[in-house]
A.B. asks: 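Got a structure here, written out as structure tokens. Questions coming.
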Amino acid sequence: MLSFFLLSCSPAWAFRIFVSNEKDNTITVLDGTSLSIIATVPVGARPRGIVLSKDGNSLYICTSDADHIEVLDLKTLTVTRTLPSGADPEFMALSRDGKTLYVANENNSEVSVLDLAQGRVTSEIEVGVEPEGMAVSPDDKTVVCTSETTSMAHFIDVPTHQVTASVLVGTRPRFAVFTKDGARVWVSSEVAGTVAVIDAATHKVLTTIHFDLPEVPKASIQAVGINLSADGKYAFIMLGPANRVAVVDTKTFAVTKYLLVGQRVWHADFSPDQKFLYTANGISNDMSVIDVGALDVTQSVPVGQSPWGVVVGP
Amino acid sequence: MLDPPPLDEGIQGARVGVADDSLTGRFVSQHYTLTETNADNEASLLEKAGKMLAAGQRLFVADLPAATLIKLADLPGAHAGVIIDATNTDDSLRASLCRADVLHTMPSRAMLADALMQYLVLKKWTRIMLLTGRDPDDKLYADAIRASAAKFQVTIKADRPWSFNPAAQQADTGHYEVNDEVAKATQDISYDVLVVADEADNFGDELAYRTDTPRPVAGTSGLVPSAWSPVMDEYASTQLQLRFHKAAGRWMTNKDYGAWLAVRAIGEAATRTGSSDPSTLIAYLHGADFVLSGYKGPELSFRSWDGQLRQPVLLADARSLVSISPQPGFLHETNDLDSLGVDQPESACHF
């Protein structure tokens, strides 16, 4: 006897995926359920780092070659506002209260503190050479900035804007992220191809994670984006031109799996239910879909030219 | 010459390196200063260096001819310090003349030649003609090409000196004469690429388009293997290129890059060890933990056997990056970068 089941699923709530494409100066907007492209929105030159506003109404976009930040209204899908940022903004982090953007200015060794209500840079904090990765602690009291040539993660005290500690990590640290409890900071190093896990209180490196892929030249293993799962169990590490995402057990720090994705994977974001992770693949011009439960790559979706950042929003 | 080497070549690279080191150093309470010393002749330079050594200075970045560099390394007190040779490509400095207190950031001629030969093998352009200029440096470059050709099984179909007067082009009708000479020198030879050894650029730029059969030019002109080039924009090097241009008002040359690497190597060692003690620094620079990011992809480090900085070598013409060696498939048991230049078993350097 043959039988079949018709499975109909309706998402708990609709969501969209936003991808910044640094070569064709657009944001690709995809429907989270169907993964079809809803819109391709032209923005300023070389959009890279993107961050969702706390109210979910806007997307902040580092348009690096335009030397400013653009605010994309997510209802109308138009750029409604331009914010100053200092030269060549590449990446930024939003305070948990949603009021302040911390922007890495790669060309002048500074972090710009951008007050969103006033729409102006209220101060600049000197850091090492080529600042890039930015992260804000869950209590909004500490900002971490990585500087690539200096190879340090700088811990900045928010009230005083003072660098309170600078932690040496592997060469060319690119990305930083706090764990949900704020106890640790994960920092990826692109040239070293490693990830350092730093104790946020003592500023000591707890462990350095290495990636071993015999079939990939060592120079191609370049750790960039990091996504920590909401349940705290997994870290997904984007390995750039190795075309892999490493899955790391956050208890043992062991790499449990390598997932083959598109070429030159930069950054990623989770679906709201944490069931999927979407990666931006800079050379293959697509977005890979990772099934987080199965730890498998299920789909690839073409987006724009040189996709760099991914953000999931309403 | 359309592009004479800038007078401040090398020193500007060191200055940008010190600025980078200083920005890093302030987070670990380290301060860097660069003392610039120039001399017209060897005696005067060695006298100045002797005074600096006597005053306790121990970290030197050198832009010197090979003979002078060795004399500097052998000055009293120099053994207790570090000299980073930032500009010299001489293979003998990495072999019979090597010194434990001297490191080299510029690729050796052997590395440059290997970088080019690997690319020619990859392209299957394995029959070359070699034209060598009159300067002693040209002969050394040609020697490196010959050794590398043998190593990678590239055949030298003709190996000839270039003796034509380079001033001829300056006559109003000089281009006819040059064209004629180049055509004559390259006729009746079956080859794929014309490789030129002319380090001072006396004639190398006047070979392309003038050969008897249409053949590309490589070596010191045309497709040039080098540590650095203004056309390099991969591996985040745009950051360094723009930082340098902002500071120097011109693009970064090979020598600037070598000096920048030298100063950054010292800074990296000082930051990682938390020390400014020369013996600590040299031990760290020679050790397995030292790595430097050089905007060319993989991490760079010093070869323990001859003090050479292992690094990718760019292959570029005046306007574009053609490739970066080592080429795919040229493997090495410990580090593929060691497929370029003299490997440990072959090294004639014994510290």
Side-chain angles (χ1 to χ4, degrees), chain A residues 46 48 64-65 87-88 90 104-110 125-132 145-156 162-174 189-194 203 205 208 214 216-222 224 240-242 264 283, chain B residues 16-30 234-247 260-261 263-264 267-274 289-301 310-312 324 326-332 334-337 339:
Chain A
R46 206 175 180 199
R48 287 192 281 179
S64 302
D65 287 356
D88 193 24
E90 179 163 348
N105 295 134
E106 207 166 7
N107 286 354
N108 59 3
S109 306
E110 283 174 350
I125 303 163
E126 289 194 343
V127 290
V129 186
E130 292 177 56
E132 162 112 14
C145 166
T146 66
S147 44
E148 293 178 305
T149 293
T150 297
S151 294
M152 286 177 183
H154 305 287
F155 284 71
I156 300 164
Q162 292 298 306
V163 175
T164 53
S166 293
V167 183
L168 268 172
V169 293
T171 35
R172 286 195 83 75
R174 263 204 97 118
S189 290
E190 186 177 27
V191 169
T194 56
H203 305 127
V205 176
T208 300
V216 177
K218 193 182 171 287
S220 294
I221 301 174
Q222 300 175 4
V224 279
R264 183 140 208 174
I283 291 181
Chain B
V16 172
V18 167
D20 286 355
D21 287 352
S22 300
L23 269 170
T24 299
R26 65 187 174 169
F27 297 107
V28 286
S29 304
Q30 288 181 337
E234 296 183 1
Y235 299 106
S237 56
T238 310
Q239 294 294 330
L240 178 62
Q241 300 276 29
L242 293 177
R243 196 154 75 239
F244 182 91
H245 197 281
K246 199 171 158 189
W260 177 83
L261 282 175
V263 172
R264 282 291 299 126
E268 189 70 15
T271 307
R272 297 276 173 185
T273 59
D289 292 337
F290 172 80
V291 290
L292 191 61
S293 166
Y295 297 89
K296 294 196 284 192
E299 293 180 321
L300 316 183
S301 52
R310 52 169 69 86
Q311 60 191 292
I324 303 177
Q327 296 299 320
F330 289 89
L331 307 176
H332 183 273
T334 52
N335 188 327
D336 289 348
L337 293 177
S339 70

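Numbers restart at 1 for each chain; the letters A, B, ... are given by sequence-line order, proteins then strands.
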A.B. asks: Are the side chain of A:T150 and the backbone of A:G128 linked by a donor-acceptor contact shorter than 3.5 Å?
C.D. replies: no
A.B. asks: Under a 4.5 Å heavy-atom cut-off, does chain A meet the side chain of B:R272, its backbone, both or neither?
C.D. replies: both
A.B. asks: Are A:R172 and A:E130 ion-paired here, with the side-chain N under 4.0 Å from a carboxylate O?
C.D. replies: yes
A.B. asks: Of all the heavy-atom pairs spanning B:L331 and B:S339, show the shortest one and how long it is.
C.D. replies: O-CB, 4.4 Å
A.B. asks: For each of A:E126, A:K218, A:E190, tally heavy-atom pairs with chain B at distances under 4.5 Å, and name the one with the top tally.
C.D. replies: A:E126
A.B. asks: Quick one: which of A:E148, A:Q222, A:M152 has the most heavy-atom pairs under 4.5 Å with chain B, could you say?
C.D. replies: A:M152
A.B. asks: Can you sort out the partners of A:E90 under side chain to side chain donor-acceptor pair (under 3.5 Å), two or more places apart, ordered by chain and number?
C.D. replies: A:R48, A:R174
A.B. asks: Heavy atoms only, distances under 4.5 angstrom: which of A:N107, A:V191, A:I221 has the most pairs with chain B? Name it, please.
C.D. replies: A:V191
A.B. asks: Between B:L261 and B:Q311, is the side-chain contact (heavy atoms from CB on, under 4.5 Å) condition met? List the steps.
C.D. replies: CA-CA 11 Å; B:L261 282 175; B:Q311 60 191 292; 4.1 Å; yes
A.B. asks: Heavy-atom distances under 4.5 Å only: say whether A:S220 touches chain B with side chain, backbone, both or neither.
C.D. replies: neither
A.B. asks: The criterion is side chain to side chain donor-acceptor pair (under 3.5 Å); which residues satisfy it with B:T334, sequence neighbours excluded?
C.D. replies: B:H332
A.B. asks: Taking side chain as everything from C-beta outward and backbone as N, CA, C, O, which of these in B:S22 sits under 4.5 Å from a heavy atom of chain A? Side chain, backbone, both or neither.
C.D. replies: neither
A.B. asks: Examine whether an atom of A:A192 lies under 4.5 Å from a heavy atom of chain B, and if so say whether it belongs to the side chain, the backbone or both; otherwise answer neither.
C.D. replies: both
